[in-house]
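Notes to accompany the following structure.
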Amino acid sequence: MSDLLVRRARLVPLAGSRAEHPVDVLVRDGVVAAVGAELDDAGVPTVDADGRWLLPGLWDAHVHLSQWALASRRLDLSSARSPEEALGIVTGALATGDGGPVVGIGHRGGTWARPVTVAELDAATGAVPVVLVNGDFHHGWLNTAALDALGLARRDEVVSEQEWFDAYPRLTGLVGGPTVPDYQRVLTAAASRGVVGVVDFEFGAPFADWTERWEEGCDLLRVRWAPYADTLAAAVEAGLRTGSVLAPGLSVGPLKIISDGSLGTRTAWCCHPYADTGGHGAPNLATADLRDLVARGHAAGFEVATHAIGDRALEAALAVYAETGATGSIEHAQLVTRDAVAELARLGLTASVQPAHLLDDRETSERVWPGLGGREFALRWLTDAGVRVTFGSDAPVAPLDPWLAVAAAVHRGDPGDEPWHPEQSLTVREALAASVDGRRTAVDEPGDLILLDTDPLAASPAELREMSAALTVVAGRVVWDAVS
């Protein structure tokens, strides 16, 4: 933790009225010690904000950091609009590659006109293991060589949901995992956008992985490591619970549970059938198993973060929280009802939403959930009901970029688009408040601050998407500096 004095900064008010004049902000031992005019610097390092705008540092409340760190080293399939286009990209990479396994990422199989097969991937790739990770990360399209390499049963369809989540960590044995420089690169990039902390929901990752890389120089931002069911027992045995400190800046987050699937894979569990498949999706856990896991985590002192995208999954999860008394969050909360929103508020749960997903899901939603778009990413309903809302990216499903999330929450579309259900939009101030982990620029708050060259409250959605930090400070330590 460090000391720092930021002079002549204009505070961005996330509540209340705007301060009339610039102020100084003093951080001592990593905590805000004073906010006022012409503070005594007492010999601490000083930054002149020169009238820039200051607000608490931004958080990404939902990241898969290992996968995000690897994304730039994988074959980009995001431009593929059909299986044929994806296969063309893959065969091109094989022709120019070194003959080793290929991992692609980012195609949106849920937008394609037909399902894919292992046989067609085999025909294009031969004996080289090929793994194509769908953009929502809920299924993988593997050829037979990859199925064999990962110890999966041969089949002609994609590997999805729990079977895929269990197999995914084994990819590191096939193509290697992220290195310390990979993590440092993405953490630095996040700091340049004003991010001071992330909640890491990487599956199959024990807490020891983070403590090791922390000591190797990945301590740039605050990180909350979240266990899944397979790492919960080890965490409990180590005496950990939500809030436990592993190292200064590195702590334990909630227990993560994936209770249903995704829109793109047609596995989100819904009350209404999908228009194209006729199915309702499905839970990933039987209700009794979900209840037992939530109760076990709650009894061990963990908050619980439950992935629920479909409205039926949300109803089931809320019933389990009510029965067990568990606290925590609903991750995604993509398709909701008014009754579910009211129950979220009554139970005091957080809605952890990724607004940038609406940019990718809008077209598919209109096609397969017709007439339900007004209940998706229902940020206005949630906010007006008093539900605590936090924003994240779900990177690499969307970029680790809080400004993209803020802009999507405000405009609900890409620049130039008509807003999608604008009645669910937030103001910029509300969107920023959902991005700062509940922090304020006030005495005794963590010394996690960012300076901006532009007033975000006066920015258009297009301008919000281009925002970056002039300065990012974590616990009084400057981790990004474009001012000097």
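Nothing fancy with the numbering, it's 1 onward along the sequence.
A search for salt bridge (charged side-chain N to carboxylate O under 4.0 Å, His left out) contacts involving E430 returns R380, not counting sequence neighbours. Taking F201 as the reference, H62 meet the ring pair (Phe, Tyr, Trp, His ring centres under 6.0 Å) condition, with sequence neighbours excluded. Residues satisfying the salt bridge (charged side-chain N to carboxylate O under 4.0 Å, His left out) test with D289, not counting sequence neighbours, are none.
With L349 as the fixed residue, the side-chain contact (heavy atoms from CB on, under 4.5 Å) test singles out one of V304, L344, T306: L344. Under the side-chain contact (heavy atoms from CB on, under 4.5 Å) test applied with D3, the options T46, V31, D29, L26 reduce to a single match, D29. For the side-chain contact (heavy atoms from CB on, under 4.5 Å) with W68, the lone residue among V186, D60, D182 that qualifies is V186.
By the 6.0 Å and 45° rule, R241 does not stack over the aromatic ring of F302. Figure legend: R222 and W59 shown without cation-pi pairing, the cationic atom not lying both under 6.0 angstrom from the six-membered ring centre and within 45 degrees of its axis. Relative to the ring axis of W53, R10 places its NZ or CZ within 45° and under 6.0 Å from the centre.
Other residues, nucleotides and ligands place more than 12 heavy atoms under 6.0 Å from the CD atom of Q162.
The OG atom of S78 lies 8.5 Å from the CZ atom of R108; values are rounded to the nearest 0.5 Å. Atom-to-atom distance recorded for H307:NE2 and S329:OG is 12.0 Å, nearest 0.5 angstrom. Between the CG atom of D200 and the CG atom of L65 there is a distance of 5.0 Å, given to the nearest 0.5 Å.
The shortest distance between side-chain heavy atoms of F137 and I105 falls below 4.5 Å. With a 4.5 Å cut-off on side-chain heavy atoms, D448 and V473 do not count as touching.
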Next item on the list: Could you check I330 against Y321 for side chain to side chain contact (heavy atoms under 4.5 Å, CB included), going step by step and ending with a plain yes or no?
Entry: CA-CA 10 Å; I330 296 294; Y321 279 94; 3.7 Å; yes
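Using a 3.5 Å distance cut-off with no hydrogens or angles, the side chains of T327 and E303 do not pair a donor with an acceptor.
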